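Structure record follows, encoded as structure tokens.
Just so it is clear: chains get the letters A, B, ... in the order the sequence lines come, proteins before strands, and each one is counted from 1. Not measured: the values here are computed from a predicted model.
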There are 2 protein chains.
Amino acid sequence: MPAKKILVVDDDVKTVELVKLYLERDGCTVLTAYDGLEALRTFRENHPHLIVLDVMLPGINGVEICRILRGESDVPIIMLTARTRDEDKLTGLDTGADDYVTKPFSPGELAARVRAIFRRLPAERGPTEITSGDIVMNFPKREVYLKGKPVSLTAVEFKILAAFLKEPGRVFDRVELIEKAFGYDFESYDRAIDVHVFNLRRKLEPDPKKPKYIRTVYGAGYKFAEA
Amino acid sequence: MPAKKILVVDDDVKTVELVKLYLERDGCTVLTAYDGLEALRTFRENHPHLIVLDVMLPGINGVEICRILRGESDVPIIMLTARTRDEDKLTGLDTGADDYVTKPFSPGELAARVRAIFRRLPAERGPTEITSGDIVMNFPKREVYLKGKPVSLTAVEFKILAAFLKEPGRVFDRVELIEKAFGYDFESYDRAIDVHVFNLRRKLEPDPKKPKYIRTVYGAGYKFAEA
DNA sequence: CAGGCTTAATAATTAGTTAATAATCTTGTG
DNA sequence: CACAAGATTATTAACTAATTATTAAGCCTG
């Protein structure tokens with residue numbers, strides 16, 4: 001396994017160093033940031049494989065950082081929080097964090113959770129760029145090009161398209177697409193997917209009435225045309 | 001889909017009941033156990049399809065249970081880990097659980113993770129493709145090929161053909177085929193199957209008048225010719 | 001207050017069932 | 001062994017139901 005780059009964000013130097021020590025013992029490369037803005041900058045420059053993010057940060061707080069990151073990437077995020085009430089935890093998960101650890105925590109436990117995330121990730125490991133027909137997706141840049149021209153996709157559209165392009169030809173039902181677009185299915189109305197597909201077609205298809213890329217599989221879901 | 005049996009193990013009655021409620025709402029059959037020994041006994045007697053297992057249990061703890069279970073089964077396990085600094089849950093994460101949820105958790109989220117595991121499961125287990133004679137079925141792509149050429153089947157036709165190909169030679173009566181084509185139940189006029197078979201033959205048979213694949217078993221039903 | 005996600009309503013499309021008739025099979029009988 | 005009566009299956013097309021596309025309004029978040 002190639003070494004994983006992990007960004008650890010916390011305003012407490014001792015915490016950062018401790019976590020860094022444990023993660024490096026697992027063979028990870030650790031980047032650090034001590035406030036929200038620095039975290040965003042470091043993320044955009046270095047594209048780490050995972051982020052450990054404290055909720056309470058000077059300046060922009062962790063929840064907000066998480067939302068911003070989710071808008072531009074599906075990098076796994078583990079949130080650190082001192083708060084213990086149920087609703088806080090839910091907010092964190094709704095925001096798109098992949099896991100949640102409360103302070104005080106044992107660094108060993110955090111490292112285990114990092115390993116756990118990487119263990120169930122391999123399906124999502126993939127190339128940095130995928131091309132299919134006139135469509136190019138660049139994952140690190142989170143950009144999509146149609147005939148070389150950039151196309152602006154929303155976060156959800158991007159993730160749905162990514163799911164399609166990673167397994168061309170495979171049929172995804174609506175629940176699967178919701179899972180791909182968010183972490184998990186929170187019983188949202190799956191017809192929302194229809195609208196996202198509609199919008200994706202509008203942005204990508206030469207003739208949205210006769211889709212060439214995103215095909216409807218009646219009674220089953222959608223699939224991306226094979227190469 | 002046949003109802004899934006799920007074993008929920010936790011010493012806290014309220015937690016068990018809450019989880020049970022949510023899982024049953026998803027159509028699962030829920031078994032319960034309140035300590036490790038009871039969990040093992042219930043597992044061995046009932047062979048549930050999935051286990052939700054609390055880490056902290058009286059007697060044998062969850063991690064140990066998980067290890068024992070792993071020794072005798074690859075049943076999917078979701079661990080419930082309470083938030084403490086205790087290092088034993090760390091071991092739990094590495095013991096072979098398929099997923100884990102930290103307490104306090106929302107029962108809806110747990111149910112979503114259960115659904116996610118069941119959805120992933122058949123993809124990892126069952127064959128991705130079945131071939132018989134000139135017919136090839138590809139499940140992830142939900143496509144059928146006849147002599148290498150794609151044949152367009154409706155949802156019901158696809159499911160009926162899948163039932164045939166999964167058990168070549170077995171005779172299915174009309175009620176069985178209806179059950180395969182939908183999730184059990186549904187009292188519909190079973191002569192509709194005749195029409196589906198007719199349409200399948202039209203699409204697949206070299207000579208629909210003299211079926212080579214889908215044979216009529218007079219007075220009983222239909223069967224797919226054996227290899 | 002703007003963008004984006006969801007919801008909801010309705011139009012368009014596709015599939016599934018029913019029902020009627022034709023064809024075929026089974027069995028009992030001469 | 002041939003044949004007819006009754007039963008079962010094949011075929012067809014009209015009818016009904018289910019699914020998807022499209023549009024627009026509402027809502028939340030930032």
In sequence, state the C-alpha distance, the side-chain angles, and the governing distance for B:T29 and B:K4, and then conclude on side-chain contact (heavy atoms from CB on, under 4.5 Å).
CA-CA 6 Å; B:T29 302; B:K4 296 289 188 183; over 6 Å; no
Cation-pi check, B:K180 to B:F164: give yes when NZ or CZ is under 6.0 Å from the six-membered ring centre and within 45° of the ring axis, no otherwise.
no
Here the distance between atom P of C:dT14 and atom CG of B:L153, to the nearest Å, is 16 Å
Whole-Å gap separating C1' (C:dT13) and NZ (A:K210)
12 Å
When you check the gap from the basic side-chain N to the acidic O, do B:K141 and A:E226 get nearer than 4.0 Å?
yes
Salt bridge (Lys or Arg N to Asp or Glu O under 4.0 Å) filter on B:E205, not counting sequence neighbours, yields none
Protein-nucleotide distance (A:K203, atom NZ; C:dC5, atom C1'), rounded to Å
12 Å
Can you measure B:I193 atom CD1 to C:dT18 atom C1' for me and round it to whole angstrom units?
14 Å
A correct 5'-to-3' footprint of nucleotides 7-15 of chain D, with B, S and - meaning base, sugar-phosphate only and no protein heavy atom under 4.0 Å, is BSBSSB---
Rounding to 10 degrees, work out the angle separating the end axes of the helix from C:dC1-D:dG30 to C:dG30-D:dC1 (five pairs an end).
40°
Show me the donor-acceptor pairs within less than 3.5 Å that the side chains of residues 11-20 of chain A make with the rest of the protein, sequence neighbours left out.
{"from": "A:D12", "atom 1": "OD2", "to": "A:T15", "atom 2": "N", "distance (Å)": "3.0"}
{"from": "A:D12", "atom 1": "OD2", "to": "A:T15", "atom 2": "OG1", "distance (Å)": "2.5"}

Between A:R170 and A:E176 (salt bridge meaning N to carboxylate O under 4.0 Å), is one present in this structure?
yes
Quick check on C:dT6: is either OP1 or OP2 less than 4.0 Å from any side-chain nitrogen or oxygen of A:H196?
yes
Taking B:P206's backbone N and O only, do any of them form a donor-acceptor pair with B:K212's side chain (distance below 3.5 Å, no angle check)?
no
Round to a whole Å and report the spacing from CD1 of A:I178 to P of C:dC5.
13 Å
Look at the rings of B:F224 and B:Y213 and say which category their plane angle falls in: under 30° parallel, 30 to 60° tilted, over 60° perpendicular.
parallel
cation_pi(B:R25, B:Y22) dist<6.0 Å, angle<=45:
yes
Whether the side chain of A:D207 engages the backbone of A:K209 through a donor-acceptor N/O pair (distance < 3.5 Å, no angle test) should be reported.
yes
Output the residues of residues 155-163 of chain A in contact with DNA chain C, where contact means a heavy atom of the residue under 4.0 Å from an atom of the strand; sort by number or write none.
A:A155, A:V156
Which pairs pass side chain to side chain donor-acceptor pair (under 3.5 Å) with one or both residues in residues 215-224 of chain B, sequence neighbours excluded?
B:R174-B:Y222, B:R201-B:T216
